[in-house]
Amino acid sequence: MAITTVDAEPEPLSIDTERTAVIMIDMQRDFLEPGGFGETLGNKVSLLSAAIAPCNALLTAARKRGMLIVHTREGHRPDLSDAPKAKVERGAPSMRIGALGPMGRILVRGEPGHDIVPSLYPQLGEPVVDKPGKGAFYATDLHSILQNRNTENLIVCGVTTEVCVHTTVREANDRGFRCLVPGDCCGSYFPEFHEVGLRMIKAQGGIFGWVTDSAKVVAALV
Ligand code: TIU
């Protein structure tokens, strides 16, 4: 047991770091860099880069504690057989999922754009979970990975706050995990959605989880 208390809202959260995993959601070039999926949807991708430094600080502290760190990537098989038609045909993007962009085929596994940004690249031994949807539990083995390590708490970081981070936190909450979300380790193409997304998590006594920031997590881990 290695209990520490993280200052958070709506209240401080005590966690056993041996039973806590950091989940880095979709810090992929496709979302953070020009020419990827995020930009094809009409978004200003530079808004997400502010989360990189706080994520790195948190990862450094978590690695020192020997905590489980799991990275996720949203994307599809090259033949798109796992990509729902309703997702591929959605909206009017400048390039659809599977189209050839400057970082390879949009949101396709194995392409440069699908990979995690170099500054947050997974270290040896850190599981990488490929997911076809927004939530990290849907159609993946994330739940098994966490259960096999007796995980009780998740520190959920990544992009985007109101889409893949939120969906994952909701999925995790229903599966019995306590979710702690450091707001500065998350980012959105819509600053107001980021703010409200975080408020939604901690409202009603922490209906989906707890909200904090990277400095508070690092302070609790050192
Ligand atoms: N990872 C993730 O959040 N996927 C998205 O599609 N996000 C958007 O905000 N579009």
Side-chain angles (χ1 to χ4, degrees), residues 22-52 54-55 69-77 80 82-99 101 103-109 111-117 119-122 127-140 142 154-173 179 181-201 208-209 211:
V22 176
I23 313 288
M24 296 292 305
I25 300 284
D26 302 355
M27 293 301 276
Q28 295 162 257
R29 300 182 66 195
D30 251 324
F31 294 105
L32 285 115
E33 294 186 14
F37 181 59
E39 195 174 77
T40 70
L41 299 175
N43 297 308
K44 194 175 156 202
V45 293
S46 60
L47 282 168
L48 304 190
S49 49
I52 291 176
C55 282
I69 295 165
V70 181
H71 305 258
T72 73
R73 300 184 296 200
E74 180 180 347
H76 297 282
R77 293 168 180 259
L80 302 187
D82 64 344
K85 202 165 175 258
K87 181 178 182 182
V88 176
E89 294 181 349
R90 188 81 46 95
S94 59
M95 279 180 287
R96 294 214 179 265
I97 294 168
M103 294 193 289
R105 295 178 64 207
I106 301 292
L107 218 61
V108 169
R109 293 177 191 162
E111 301 289 336
H114 179 260
D115 212 351
I116 292 169
V117 294
S119 49
L120 291 171
Y121 214 72
V128 178
V129 171
D130 281 327
K131 62 190 191 52
K134 305 306 181 193
F137 288 85
Y138 171 69
T140 73
L142 177 61
L154 306 181
I155 300 174
V156 187
C157 307
V159 296
T160 62
T161 314
E162 80 282 10
V163 181
C164 291
V165 171
H166 233 269
T167 306
T168 299
V169 165
R170 289 168 184 237
E171 288 181 324
N173 183 55
C179 293
V181 180
D184 57 337
C185 294
C186 303
S188 170
Y189 302 121
F190 302 87
E192 71 270 34
F193 291 173
H194 174 79
E195 290 305 323
V196 174
L198 295 174
R199 278 170 54 199
M200 287 166 71
I201 290 167
F208 296 127
V211 175

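Note that ligands are numbered from 1 as they come in the structure, with each ligand's atoms numbered from 1 the same way.
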Visitor: By the salt bridge (Lys or Arg N to Asp or Glu O under 4.0 Å) test, which pairs, at least two apart or in different chains, include something from residues 185-200?
Guide: none
Visitor: In terms of side-chain geometry, is the basic nitrogen of Lys134 or Asp26 positioned less than 4.0 Å from the acidic oxygen of its partner?
Guide: no
Visitor: Show which atoms of ligand 1 fall inside a sub-4.0 Å distance from at least one heavy-atom site of Phe37.
Guide: 6 (O)
Visitor: Is there at least one pair of N or O atoms, one from Cys164 and one from ligand 1, spaced under 3.5 Å apart?
Guide: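 Indeed, backbone or side chain, Cys164 has an N or O that close.
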Visitor: Does a side chain donor of either Ser188 or His194 reach within less than 3.5 Å of an acceptor in the other side chain?
Guide: no
Visitor: Within this structure, what is the CG-CZ distance for the pair Asp82 and Arg77, rounded to the nearest 0.5 Å?
Guide: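 Going from the CG atom of Asp82 to the CZ atom of Arg77 covers 5.5 Å.
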Visitor: Take Met200 and Arg170, measure what side chain to side chain contact (heavy atoms under 4.5 Å, CB included) needs, and give me the verdict at the end.
Guide: CA-CA 11 Å; Met200 287 166 71; Arg170 289 168 184 237; 3.3 Å; yes
Visitor: Could you please spell out the steps behind the side chain to side chain contact (heavy atoms under 4.5 Å, CB included) verdict for Leu107 and Glu74?
Guide: CA-CA 7 Å; Leu107 218 61; Glu74 180 180 347; 3.7 Å; yes
Visitor: Counting only N and O atoms by type, is there a donor-acceptor contact under 3.5 Å from the side chain of Gln28 to the main-chain atoms of His114?
Guide: yes
Visitor: Run the numbers for me: atoms of ligand 1, each under 4.0 Å from some heavy atom of Asp26, listed by number.
Guide: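 Selected atoms, number and element: 1 (N), 2 (C).
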Visitor: Given Glu74, Lys131, Glu162, which one has a non-hydrogen atom that is nearest to atom 4 (N) of ligand 1?
Guide: Glu74
Visitor: Could you check atom 5 (C) of ligand 1 against the protein and tell me its nearest heavy-atom contact, residue, atom and distance included?
Guide: Phe31 CE2, 3.5 Å
Visitor: Which atoms of ligand 1 have any heavy atom of Lys134 under 4.0 Å away?
Guide: 4 (N), 5 (C), 6 (O)
Visitor: Which ligand 1 atoms does Val159 reach within 4.0 Å, using its non-hydrogen atoms?
Guide: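 Every atom of ligand 1 under 4.0 Å from some heavy atom of Val159: 1 (N), 2 (C), 3 (O).
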Visitor: Nearest non-hydrogen contact with atom 3 (O) of ligand 1 belongs to which option: Ile25, Asp30, Thr160?
Guide: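 That would be Thr160.
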Visitor: Could you list which atoms of ligand 1 come closer than 4.0 Å to a heavy atom of Leu41?
Guide: 10 (N)
